[in-house]
Amino acid sequence: MFDNFRLSPRVRYTIVLLIVASSAMLYLWRSQSIQGLGFPLDDAWIHQTYARNLASTGEWAFIPGETSTGSTSPLWTLLLATGNLLSLPPLNYSYGLGLLILLATAWLAGNSLEITRPLPWLGLVTLILFEWHLVWAALSGMETLLLALHIVVILRSLKKDWHPVLIGCIAGAGVWVRPDALLALLPIAWVIAVRHTSVRSSANDVLRIGLGFALFTFPYVLMNYRFGGEWWPSTFYAKQVEYAVTREAHLLSRLYKMGFAPLIGSGILLLPGIFIYIAHSVRSRAWSRLAGIVWIMAFISAYAVRLPVDYQHGRYMIPVIPALFLLGYRGLLIVLRQSSESVSQRILIRVWLIGLALITFLFWLRGAEAYATDVAVIESEMVAAAEWIATNTEPQDIIAAHDIGALGYFSDREILDLAGLISPEVIPIIRDEAGLAVFLDDQGANYLMTFPAWYPGLTRDRTVVFSTQGRISPSLGGENMTIYRWP
């Protein structure tokens with residue numbers, strides 16, 4: 001059914017560019033119509049602040065003069081700093097960079113099908129470019145898709161004619177994207193285990209991969225130790241401590257929660273393709289083809305064990321989606337290649353294809369609303385509060401806050417980070433409000449910026465000096481960002 005369809009390379013490029021542009025424009029238009037353009041996460045402003053300071057002062061610092069490791073992704077921060085050096089508008093540059101990474105991820109995933117026919121290639125590329133989580137992530141100002149691209153590159157590199165040192169370098173470079181990129185070593189180890197028949201050849205590949213890996217990983221851990229006193233960024237420790245309570249749920253419940261997050265949307269209809277792909281690989285004894293499955297299971301399991309949170313549309317699981325789509329789509333192609341004389345099977349396949357297209361489109365529309373709402377919350381709460389502080393407090397005032405992204409970017413004040421990202425001394429007492437109160441007193445805090453319910457003990461009987469009065473957050477069951485005088 002694909003053989004008579006042809007596309008020249010130029011037409012193919014044009015179609016894909018039109019797809020990614022149209023996919024993103026709806027999200028940006030909807031955001032502009034509600035509250036204006038911005039980011040759907042306050043954390044994006046953390047990266048912007050590090051990037052601006054790096055470009056202007058050469059320091060790896062959130063607060064000028066105070067080096068810290070609050071940026072989870074040094075590579076993403078470096079890319080953003082390039083935009084600052086070129087004096088490009090931070091929002092536009094970040095959007096463009098995210099969409100370029102989304103485009104590269106989709107293109108590379110399509111090429112990983114290793115087929116020459118353009119229609120199935122275009123089908124997978126279109127599915128990825130319209131997947132609502134991925135469009136949301138591309139416009140989020142975060143490094144999420146950079147990690148997704150990294151694993152697609154790793155999986156594509158695990159071919160018979162692989163280059164171990166190069167693969168080791170790619171795997172090592174991943175930690176500059178996020179620490180969880182270390183899990184890419186597992187599919188590599190899987191391929192070594194199932195491909196080689198001798199211990200000597202396996203050991204040789206392990207050594208060469210290890211060499212390439214070390215070339216990129218050692219500078220990363222040394223940088224963290226130099227700037228933060230720990231081998232890993234402060235965010236690596238802070239998030240696990242802050243959400244330790246989520247690990248009290250049963251492990252199976254956590255696995256289900258984290259595994260289901262990336263399936264919301266068209267992913268659920270590609271899940272049967274995953275099982276078909278696994279069964280086909282097992283029957284043909286193509287064990288190395290299961291490397292992607294190994295990574296997906298390891299990634300989901302790692303978060304289920306250490307950080308089982310699915311807020312913000314399961315943002316930590318979004319990097320799974322392109323790999324999941326690639327493998328599920330391969331399973332779909334296996335079914336399409338098998339001609340069937342059964343009318344019921346042909347009808348079922350058509351329903352599957354139509355359902356996949358329809359669900360992708362409907363969730364893409366839903367995603368635009370979710371993105372616009374998320375941006376509106378950040379703009380009307382975090383950004384609004386940060387701008388008030390910039391205008392109505394003294395330059396020497398010290399501000400304590402849990403959400404420090406927009407505050408750091410817009411206020412130009414010294415900040416005490418109650419989440420521990422740039423104030424790692426907070427991590428041991430991150431859930432201890434009495435301890436935090438002592439910390440704020442000792443550090444000479446002048447104001448506390450927070451949602452009231454987050455710190456009922458800290459905010460009790462404090463004088464309110466400003467509340468955003470934004471309408472979006474309360475309409476969603478949330479609160480308005482409030483600024484209290486301290487002490």
Side-chain angles (χ1 to χ4, degrees), residues 24 26-46 91 94-95 98 131-142 144 239 242-243 245-246 249 257-258 260-265 267 307-318 359 362-389 401-407 409-410 418-419 431 448-460 464 466-484:
L26 173 66
Y27 282 55
L28 296 177
W29 170 80
R30 193 68 188 109
S31 175
Q32 180 66 51
S33 67
I34 294 180
Q35 188 74 32
L37 298 180
F39 295 124
L41 298 170
D42 184 68
D43 288 359
W45 291 110
I46 296 179
L91 281 177
S94 180
Y95 294 154
E131 206 287 326
W132 73 279
H133 293 95
L134 301 181
V135 184
W136 184 95
L139 302 173
S140 69
M142 297 293 289
T144 307
K239 291 290 186 181
E242 183 175 7
Y243 294 101
V245 66
T246 61
K257 179 171 71 171
M258 302 311 292
F260 185 71
L263 297 176
I264 298 174
L307 191 61
V309 292
D310 60 349
Y311 56 59
Q312 296 161 340
H313 317 300
R315 65 182 257 208
Y316 293 115
M317 292 293 101
I318 290 177
I359 291 298
L362 292 177
F363 272 87
W364 173 67
L365 295 178
R366 173 193 180 276
E369 293 300 315
Y371 175 82
T373 301
D374 294 338
V375 171
V377 169
I378 300 301
E379 288 293 304
S380 61
E381 301 299 335
M382 285 70 165
V383 173
E387 290 177 338
W388 186 91
I389 285 174
H402 182 280
D403 293 294
I404 65 168
L407 180 63
Y409 191 85
F410 293 102
L418 300 183
R431 288 293 186 181
L448 169 65
M449 179 184 115
T450 183
F451 290 114
W454 284 12
Y455 297 103
L458 292 180
T459 58
R460 187 180 302 117
V464 175
F466 176 73
S467 179
T468 61
Q469 301 301 310
R471 60 182 179 83
I472 303 296
S473 181
S475 72
L476 299 173
E479 300 177 294
N480 289 132
M481 187 65 75
T482 304
I483 300 171
Y484 302 85

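Small disclaimer: the values here were computed from a predicted structure and weren't measured. Here, residue 1 is the first one in the sequence, and each next residue gets the next number.
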Hey, what do you get for [atom1] ([X]) to [atom2] ([Y]), rounding to the nearest 0.5 Å?
{"X": "H133", "Y": "Y371", "atom1": "NE2", "atom2": "OH", "value": "15.5 Å"}
{"X": "D403", "Y": "M382", "atom1": "CG", "atom2": "CE", "value": "4.0 Å"}
{"X": "L37", "Y": "Y95", "atom1": "CG", "atom2": "OH", "value": "4.5 Å"}
{"X": "M449", "Y": "L418", "atom1": "CE", "atom2": "CG", "value": "10.0 Å"}
{"X": "I318", "Y": "T144", "atom1": "CD1", "atom2": "OG1", "value": "5.5 Å"}
{"X": "W136", "Y": "E131", "atom1": "CH2", "atom2": "CD", "value": "12.0 Å"}

Closest approach of [X] and [Y], non-hydrogen atoms and distance?
{"X": "W45", "Y": "I378", "value": "NE1-CG2, 4.2 Å"}
{"X": "M481", "Y": "E381", "value": "N-OE1, 2.7 Å"}
{"X": "S467", "Y": "T482", "value": "OG-OG1, 3.8 Å"}
{"X": "V375", "Y": "S31", "value": "CG1-OG, 3.4 Å"}
{"X": "G38", "Y": "E379", "value": "CA-OE2, 3.7 Å"}
{"X": "P40", "Y": "S140", "value": "CD-CA, 3.5 Å"}

Review point. Backbone N or O of T468 within a donor-acceptor pair of the N480 side chain at under 3.5 Å?
Key: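 No.
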Practice item. Verify side chain to side chain contact (heavy atoms under 4.5 Å, CB included) between T450 and L458, making sure each step is shown before the conclusion. Key: CA-CA 10 Å; T450 183; L458 292 180; over 6 Å; no
Review point. Are Y311 and Y243 close enough that their ring centers fall under 6.0 Å?
Key: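 Yes.
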Any idea how [X] and [Y] line up, ring-wise: parallel (<30°), tilted (30 to 60°), or perpendicular (>60°)?
{"X": "H313", "Y": "W132", "result": "perpendicular"}
{"X": "Y27", "Y": "W364", "result": "tilted"}
{"X": "W454", "Y": "H402", "result": "perpendicular"}

Review point. Knowing that exactly one of D310, D43, D374 qualifies, which makes a salt bridge (charged side-chain N to carboxylate O under 4.0 Å, His left out) with R315?
Key: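 Single pass found, and it is D43.
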